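Next up is a structure, given as C-alpha cells.
These figures come from a predicted structure and were not determined experimentally. By convention in this document, chain letters (A, B, ...) are assigned in the order of the sequence lines, proteins followed by strands, and residues within each chain are numbered from 1.
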There are 2 protein chains.
Amino acid sequence: MRGNGALDLLGRSANCATEQEETAAGDSVSDEAARRRVTVHDVARAAGVSLATVDRVLNGRPGVRSATAEKVEEAIKTLGFSRDLNASLMARSRDLSVVFFIPDGSNEFMDALAEAVSRRAGPALSDRMHLSTQRIRALDTGALAAGLDALDPRSCDCAVIVTSEEPDILAAVEAATRRGIAVMTLVSDLPGSNRRHFIGIDNVAAGRTAASLLGRFLPQGGTVAVIAGSLHLRDHLERLEGFRQILSADFSTIDLLGPFEGHDERQETEALVANLLAENPKLSGIYNLGAGNAGLVSALKISGRAGNLRVIAHELTAPTREGLRNGAVDVVLDQNPDGEIREAIAAARALALGTSRTVATDPIEIGIFLRDNLR
Amino acid sequence: MRGNGALDLLGRSANCATEQEETAAGDSVSDEAARRRVTVHDVARAAGVSLATVDRVLNGRPGVRSATAEKVEEAIKTLGFSRDLNASLMARSRDLSVVFFIPDGSNEFMDALAEAVSRRAGPALSDRMHLSTQRIRALDTGALAAGLDALDPRSCDCAVIVTSEEPDILAAVEAATRRGIAVMTLVSDLPGSNRRHFIGIDNVAAGRTAASLLGRFLPQGGTVAVIAGSLHLRDHLERLEGFRQILSADFSTIDLLGPFEGHDERQETEALVANLLAENPKLSGIYNLGAGNAGLVSALKISGRAGNLRVIAHELTAPTREGLRNGAVDVVLDQNPDGEIREAIAAARALALGTSRTVATDPIEIGIFLRDNLR
DNA sequence: CCAATATTGAGGTACGTGCCTCATGACCTA
DNA sequence: TAGGTCATGAGGCACGTACCTCAATATTGG
C-alpha cells in the first residue's frame, strides 16, 4: 500500500500488453463486455420522446397521452429494456421491503421459516432488501387479513403469506394487490386468488415418495398406519393421495391402516400412536404426514418398539432430528424452509422489476433425510 | 395512467394518514428504515480524512501513509461499513465476471453443471454479473492450469474450478490469487491451496446414506456390490468410506462385494455389471458410487433382473432418470449441480466485497431421488 | 380565435462508489 | 534553503434511475 507508485506505472504498461492478449485470446469476453446495457436513455431515443416522458411511463405517473405511452412501451419491448433494480432502489434511497406473515403457535416448521427469514435479513440488506416477519396466530384468518389490510404500499412492496384457503384472505389479497403490493403464497397455495407467485413443494410427490420408500423398506409386506394432522388441510390431503396412489399401484402386499387425525398436536399424536402400537402388535410401519412429531417419537420410545418398525415423518425439526438420531424415525421428508425463503426473496426481487405478470423460481426440492445425511 | 391527477392528490393525503398508522403500529419498520446506510462519507468523517483517502485505502491505491490507512480501517470496522457492491459495479460500469472451468468429455454431470451456468447467465446479468464457461478436457490439468494462467484480473474477478489434486493446479491457483483473482473449487476440494471457498456435498455422508438406504431395503441381509469410477478419486474414496462405515456398524447381515472399478465409462461399467450379475445369481444390491450409469442400467435391463435387486447410483442424469423410471434403479443420490452453481454465484459476490477472508454459503444438500419425486 | 389545460421537453439533484485532476502542504535531501 | 517527493484534500464526472421544477408546446373548449 506504500511506495508502489513505480509499481503503478509498471502495472499500467503491463495492462496495455495484456489487453492485446485478451482481445486476441478471448473474443467472446470482449464482445459481450462491449454490448452495453440498455438504459432509459436508449428507450427515450428509440421512442422519440424525452427522458422525462419515459420516466413518467415507467413509474406510472400521470400526464402522458396513451399514444405516447404506447410508443414508449413498444420501444421498451423492442430494446428489451429492463429497469436496473439496484440503480432504482439506490435512486429512491429506499429498500425493497418484504413482509412475511408466518403462523405462530407450536409448529416448529413455522419457527424454522421465521428463523430462515431473520437469518437472511442481514445479508439481504446489502442487496437493499428489508425483510420483516409478522407472526400470526395459527389459523386466525381474521388476523392475517387484518395484517394484509394494514400494509402501506409505501413501506411494503411484497407480502408473503402462509395460509389456508379462506374467503376473507382471498379478499385481503385482492385488496393488497390493488394497492400495489405483490402477494406471494408459501407452503400452501391459494388458487383462484391473484397472488403473484407460489413457493412450495409438490405434496402429492412427497406422499408418493413416502410410499415408495416404505414399500422398499418392507419387501415382505405388512401393515402401515397413516397419521394426518387434519383431513381438512390441502397439503395433508395431497400427501395422502400420493401415498395411497403408489401403495396400491406398486406395493399390494402392504395394508394401509387409517388415516388417523392427530391434529398436529404433540399430545394427541402421542396418545394416538401409543394406542396404535398397543392394538397392533404386528404393525410394520407408520407414515406421519402431519406435524406432532414430538408425540410420535415419544410414543415410539416408550413402547420400546422404536427401530422395529419403519417410520417416515415430515419436516426436519428438533423432534424429528432426535427421532432420526435415536433410530425411532427412518426417514424425514423435508420441505426445506430455508430454500423456500431464499426463493421467496428472489421472487420478490423479480416481482419488483414488474416486467412480467408471472415469475419463475427454482423449484423447491423435497429433502429426504436419514440419520446419515443430517445437515 | 391518464387523468389521475386528482387520484394522485388523494393518494398523497391518504398516505399522510397511513404514515401515522404505520408509526404507531410497526415501530420496528420505521426504526430500521430510519437507520441510514453507512457510506464512504461516514467513514471519511469518522476517520477524520477526506473521501479521496478513504477511496485510496478501499481500493488499494498507493499514496496513503500506513498510520492514516489504519485510522480508516478502524473507522470501517467501528461503523461496520461495507462497500455497496451494486453501486461499486455501477460506478465502474463493469460487470463482476466469473469464469467457470468445467471438465469436458462424456460426463453428463459436468454437462449439467455447464448448463446450470448458462441458465443463470441471463438473469445474473441484471445483477451485473457476467458468467462464462470454459470446458477443459477431463483430467487435463495442464489445460486447466493454462486457462487459469491466462486469466486477466481486469476481465475476470473470480474463477471456479472442478479439479483433482495436482501440483500444477495448486501453483496456478496460487498465481491467480496473487494476481487478484479469487479462485473457488467446485465438487471436489483442493486442500492446501489458497482457494477462497469450496462448494460441494459431503461425500462421506453420501456414502453413509447409500448404505443406510440399502440396509433398510434389505432387512433379510444379502450381498451388495460396490462399483467406483476410480479409487484414485477423492470423492469416490470418500463415498466408499462412508458406505463401509455404516454397513459394518449397522447392517452386519449385508456382505460387501468389491469395490470394482468401472472408470466412469459406459462400456466398461456395462461389462462389469453384466459379469457381476452372471457370476452372482443371488446378488441383492448394487451401489455405483461413480459414473458410467448408462452401462449399469443397460446391463441390468439385458440381464432381465432389473427391479429384482436394489440399486443406488449417483447424479440425476439422463441414464439414471431412465433407470428410475423403468425400475432398474431405486435411488439416485444427486449433488444438485444447479444449487452448486447458485451458491458459487452467491459466493463470488460475497468474495467481491472482499470484507473477510472466508465466505459463508448455504450448504449443498445431497438430493435423494426416487421415481416418485423426480423433478 | 383565445384562454385554459394537458402534454412534453430540458435539465437539475440525489443515491453510493470509482477514478481522475489539480492544488496544497509536509517532509526529506543535497 | 531550494528542489524534490510524498501525503492528503477538494472537487468533478460517471454509472442508471427517481423525482422535481420550469418552460415550451399541443390540444381542447368555449
task = Please state how far atom CG in B/Leu51 lies from atom C1' in D/dA14, giving the value in whole angstrom units.
result = 15 Å
Selected nucleotide, minimal atom distance to B/Arg128 side chain, candidates C/dT17, D/dC15, C/dG11 = D/dC15
key: Atom-to-atom span, CZ of B/Arg65 to P of D/dT5 - whole angstrom   = 18 Å
ask   = Over how many whole Å does the gap from B/Asn59 atom CG to C/dG18 atom P extend?
value = 4 Å
key: Distance in angstrom units between B/Asp55 CG and D/dT8 C1', rounded   = 13 Å
request  = Return the value, rounded to whole Å, for the distance between atom CG of A/Leu353 and atom C1' of D/dT17.
outcome  = 13 Å
ask   = A/Arg349 pairs by side chain to side chain donor-acceptor pair (under 3.5 Å) with which of A/Asn86, A/Asp157, A/Asp127?
value = A/Asn86
Any B/Arg61 side-chain nitrogen or oxygen under 4.0 Å from OP1 or OP2 of C/dC19 = yes
query = Under the 3.5 angstrom rule, does the side chain of B/Arg196 hit a backbone N or O of B/Val359 as a donor-acceptor pair?
reply = no
query = Does the A/Asp95 side chain pair with the main chain of A/Ser97, one donor and one acceptor, at a distance under 3.5 Å?
reply = no
key: Check: C/dG18 base within 3.5 Å donor-acceptor of B/Arg56 side chain   = no
query = Closer to the 5' end of DNA chain D via nearest nucleotide, is it B/Ser93 or B/Thr68?
reply = B/Thr68
request  = With DNA chain D as reference, determine whether B/Ala91 or B/Ala67 sits nearer its 5' end, using the nearest nucleotide of each.
outcome  = B/Ala67
request  = Take the protein atom CZ of A/Arg94 and the nucleotide atom C1' of D/dC19, then report the distance between them rounded to whole Å.
outcome  = 14 Å
message = Looking at A/Thr177 and A/Val173, would you say the former's side chain and the latter's main chain have a donor-acceptor pair under 3.5 Å?
response = yes
ask   = Counting side-chain heavy atoms from C-beta on, which of C/dG18, D/dT8, C/dG9 comes nearest to B/Ser88?
value = C/dG18
task = Answer yes or no: does a side-chain N or O of A/Arg83 lie under 4.0 Å from OP1 or OP2 of D/dA18?
result = yes
ask   = Under 4.0 Å between a side-chain N or O of B/Ser50 and OP1 or OP2 of D/dA10?
value = no
query = Atom CG of B/Leu89 and atom C1' of D/dC15: how far apart are they, to the nearest Å?
reply = 11 Å
request  = Say whether, by atom type as modelled, one donor and one acceptor occur between the side chain of A/Asn59 and the main chain of A/Asp55 under 3.5 angstrom.
outcome  = yes
remark   = Here the distance between atom P of C/dA14 and atom CG of B/Asp84, to the nearest Å, is 18 Å
Phosphate OP1/OP2 of C/dG16 contacted by B/Thr39 side-chain N/O (<4.0 Å) = no
